[in-house]
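In what follows, chains carry the letters A, B, and so on, assigned in the order in which the sequence lines appear, proteins first and then strands, with residues in each chain numbered from 1. Just so it is clear, the structure is predicted and the values come from calculations on it, not from any experiment.
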4 protein chains.
Amino acid sequence: MKTKDIILATAKEMISEVGFHKATTANLAKMANISEGTIYRHFESKEDILLHILDALEESFSYYIEAIRQKLDRDDCSIEEIMNEYFSFVEDNEIDMKIMLSTYGLLDSSKRLMAVFLKNLELVLEDCIKLGVKKGTIRDVAVEENATVVMTIIFGLTRMQLYWPDRRDVRAEAVEFCRRSILN
Amino acid sequence: MKTKDIILATAKEMISEVGFHKATTANLAKMANISEGTIYRHFESKEDILLHILDALEESFSYYIEAIRQKLDRDDCSIEEIMNEYFSFVEDNEIDMKIMLSTYGLLDSSKRLMAVFLKNLELVLEDCIKLGVKKGTIRDVAVEENATVVMTIIFGLTRMQLYWPDRRDVRAEAVEFCRRSILN
Amino acid sequence: MKTKDIILATAKEMISEVGFHKATTANLAKMANISEGTIYRHFESKEDILLHILDALEESFSYYIEAIRQKLDRDDCSIEEIMNEYFSFVEDNEIDMKIMLSTYGLLDSSKRLMAVFLKNLELVLEDCIKLGVKKGTIRDVAVEENATVVMTIIFGLTRMQLYWPDRRDVRAEAVEFCRRSILN
Amino acid sequence: MKTKDIILATAKEMISEVGFHKATTANLAKMANISEGTIYRHFESKEDILLHILDALEESFSYYIEAIRQKLDRDDCSIEEIMNEYFSFVEDNEIDMKIMLSTYGLLDSSKRLMAVFLKNLELVLEDCIKLGVKKGTIRDVAVEENATVVMTIIFGLTRMQLYWPDRRDVRAEAVEFCRRSILN
DNA sequence: GATGAATGAGTCTTCATTCAT
DNA sequence: GATGAATGAAGACTCATTCAT
């Protein structure tokens, strides 16, 4: 494992656990078993580390969205699929997601990325609902508003899952909840 | 207005706007038109200020819960009422809510208070659903799981509302969404 | 003596002796018997200290120039007087002058101030020579060019005096040198 | 061009442009298209590079002085010749001269070399004036003091020329100025 | 000879907290 | 109660130098 990746991995762990501010360069260096100076050989600044983490997450997310889009194009995608795949995505990117959520307000990039998440999730849900309404599998509800509601539910659920892992996992019930509400 | 309240009010504004870390005691003193030393005559530490803010919020929340409970006792409370009243509560305590949400992860007290919010909201929803099921106004769904789902929706929605005020307000649609899902 | 003045005085001494770079905030604090933090209560940055020193020097210089100008207005000023008074000025502001000369190249303000010195000295010499030529006490030489030459001599001499105090003091001979060259 | 010479040439350029402190080994390596480690294969330290530059300048200067000395021995040298040849010397060694002048105060070697410049210039001027006085071409002035004055003028002029290249060039007028003052 | 990653001491700066007045 | 100057520990970052390859 390259030093840069060690730094990145250690930083991910630290930031997700104690937050960006308490993840100091001194602690990071100690935990990664490198010197503080080495951090700056691989990253321009402490913020730059965060940027790299967020960039990687953005790329991962774009793949998820791309996969959903392809299914939508093949007319082969349901709300529950979007939800479940997103739940999987979050599980696979747990640490990065926590970092994005916890650095919102600290960094423009973080806020921007979160907007990308919200917008894209909303758009695929819109398209999916539109399709469902046309096919008759989904009730004739206001498309945009309901897409936003479902997006909000998804987002709220994953946040709960990430930050309160001890709580009852209701993702499956949430899917059912949505099905009952908008499926014919 | 007493000095202590001036400090509290100024701190609220600053913390909700720039976050706990960037709200320095120096800035706080300047904005409150007092000296830095005075802060420490009224509070033990910077963290202590936050604690006071959270305590006040907890008290406000307890009134809200109490009101709901009384309605429940009179058998006079619906899911939408709980939701709408909570939305009102959040609107009335916008700044404090933002502070709680943004200091989660920084302070144990903050996390504890949030657990109080989640738990209480969940409990009243549970009772409300139980009652509804008994009365036949609500479908025969798993009570606890659905209470958790609705709670998650409510919580996700208010966070969205607080942090993305520019986004479409879908609180009314969300209420409808829930009604369709669990009402008979 | 106020803390700010203690810092300023200590900084002057240190910078003039070891240079701006080696005059670290840690050393400054130690030598001034204060903590490093105190420096930043009185100055915005290390550079800001230097700026204060240069500003004070600029003000002192403006008084010197003003005095010369008044003499010129009264038609009561000779080249040797300008030279001797400037030598006195430099002696009185020895440390500050050394700082200006040694921070040239580090700071725009320093370069700017030096330009002020050169220009003003040059201008009063020009006026003085012009007057002398008119009165017939000075030979009919190119005014501007000779003013520049004399200014350069003065400036070179004072630098030598400041940085090589062990060298033979030839300020008096330099005055004579100039008199022989341009006086009738 | 050998690696050592590339380093030397690049260092000269950098140091004269941005100063010794801002000319970091990292930048130097980058600009010279070598690795940082290579610098230390050819020089003991960053300071050592400066030493080499100064040594080379000292050697060049010794040739200039040697040439003047030979003319003096042939009784074939005037003050203006010494001045003009020195001006040429400085023009030919502009960068090195700037480095010496700007590192004075940073390095003992630099100060020592400057003393060599001053002393040698002074000595040849002394001998030249002595000769002139004997031959009757120069007035009967105090030899040593006037040598020092002329040396100071020369040194001040070249510094001005190097650091304020935009200023009016008065080297020719300065020569005239000196001629008027001490020539018969 | 050359590389370039790694080092760690040192730099400026910030900020919650204390205390004499 | 109030002040505000002083503190000092800790923060992010820099850079000359080393060393295994």
Side-chain angles (χ1 to χ4, degrees), chain A residues 2-4 6-7 20-30 32-50, chain B residues 2-4 6-7 20-30 32-50, chain C residues 2-4 6-7 20-30 32-50, chain D residues 2-4 6-7 20-30 32-50:
Chain A
K2 292 250 168 104
T3 303
K4 185 166 187 173
I6 293 173
I7 296 172
F20 187 68
H21 277 109
K22 284 186 185 155
T24 64
T25 50
N27 286 340
L28 178 53
K30 208 177 294 169
N33 258 82
I34 52 162
S35 74
E36 257 186 289
T38 300
I39 296 173
Y40 291 88
R41 168 162 293 279
H42 297 281
F43 299 93
E44 286 182 4
S45 65
K46 192 183 149 186
E47 203 179 291
D48 188 39
I49 300 177
L50 187 49
Chain B
K2 291 241 170 120
T3 304
K4 186 167 185 172
I6 292 173
I7 295 172
F20 187 67
H21 276 108
K22 285 185 187 158
T24 64
T25 49
N27 286 340
L28 177 54
K30 206 180 295 167
N33 260 79
I34 52 160
S35 74
E36 257 185 292
T38 301
I39 296 173
Y40 290 86
R41 181 157 295 280
H42 295 281
F43 299 93
E44 284 181 5
S45 65
K46 188 183 157 189
E47 205 179 286
D48 189 40
I49 301 176
L50 187 50
Chain C
K2 291 250 169 102
T3 303
K4 185 165 187 173
I6 293 173
I7 296 173
F20 187 68
H21 277 108
K22 283 185 185 156
T24 65
T25 50
N27 287 340
L28 177 53
K30 209 177 293 168
N33 258 80
I34 52 161
S35 74
E36 258 185 291
T38 300
I39 296 172
Y40 291 87
R41 168 163 293 279
H42 297 281
F43 299 94
E44 286 182 4
S45 65
K46 191 184 152 187
E47 202 179 291
D48 188 39
I49 301 176
L50 186 49
Chain D
K2 292 243 168 117
T3 303
K4 186 166 186 172
I6 293 174
I7 295 173
F20 187 66
H21 276 107
K22 284 185 186 157
T24 64
T25 50
N27 286 340
L28 177 53
K30 205 180 295 168
N33 259 80
I34 52 160
S35 74
E36 258 185 291
T38 302
I39 295 173
Y40 289 86
R41 181 157 295 281
H42 295 282
F43 299 94
E44 284 181 6
S45 66
K46 190 183 155 188
E47 205 178 285
D48 188 40
I49 301 176
L50 188 49

>> Please report the distance, rounded to the nearest Å, between CD1 in Ile49(D) and P in dA16(F).
In response: 10 Å
> Atom NZ of Lys2(D) to atom P of dG1(E): distance rounded to whole Å?
Replying inline: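 Computing the Lys2(D):NZ to dG1(E):P distance gives 7 Å.
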Contact summary for [X] and [Y], nearest pair of heavy atoms:
X: Lys46(A); Y: Thr24(A); result: NZ-CA, 4.5 Å
X: Lys4(D); Y: Phe43(D); result: CG-CZ, 3.7 Å
X: Ile39(B); Y: Ile7(B); result: CA-CD1, 4.0 Å
X: Ser35(A); Y: Ala29(A); result: C-CB, 3.8 Å
X: Thr25(B); Y: Glu36(B); result: OG1-OE2, 3.0 Å

>> Let me confirm one number: the CZ-CG distance from Phe20(D) to Leu50(D), rounded to the nearest 0.5 Å.
In response: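 One gets 5.0 Å once the value is rounded to the nearest 0.5 Å.
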> What is the per-nucleotide protein-contact pattern of nucleotides 5-14 of chain F, from the 5' end, where B denotes a base atom under 4.0 Å from a protein heavy atom, S denotes such proximity for sugar-phosphate atoms only, and - denotes neither?
Replying inline: BBBB--SBBB
> Name the stems with DNA chain E in them: runs of three or more consecutive Watson-Crick or G-U pairs, distances under 3.5 Å?
Replying inline: E:2-21 with F:2-21
> Which whole number of Å gives the distance between the C1' atom of dT21(F) and that of dG1(E)?
Replying inline: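 Pairwise C1' distance, dT21(F) against dG1(E), rounds to 13 Å.
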>> I'd like to check His42(C) versus Thr38(C) (side-chain heavy atoms, cut-off strictly below 4.5 Å). Are they in contact?
In response: yes
> Hey, mind stepping through Ile6(A) and Ile34(A) against side-chain contact (heavy atoms from CB on, under 4.5 Å) and telling me if it holds?
Replying inline: CA-CA 9 Å; Ile6(A) 293 173; Ile34(A) 52 162; 5.6 Å; no
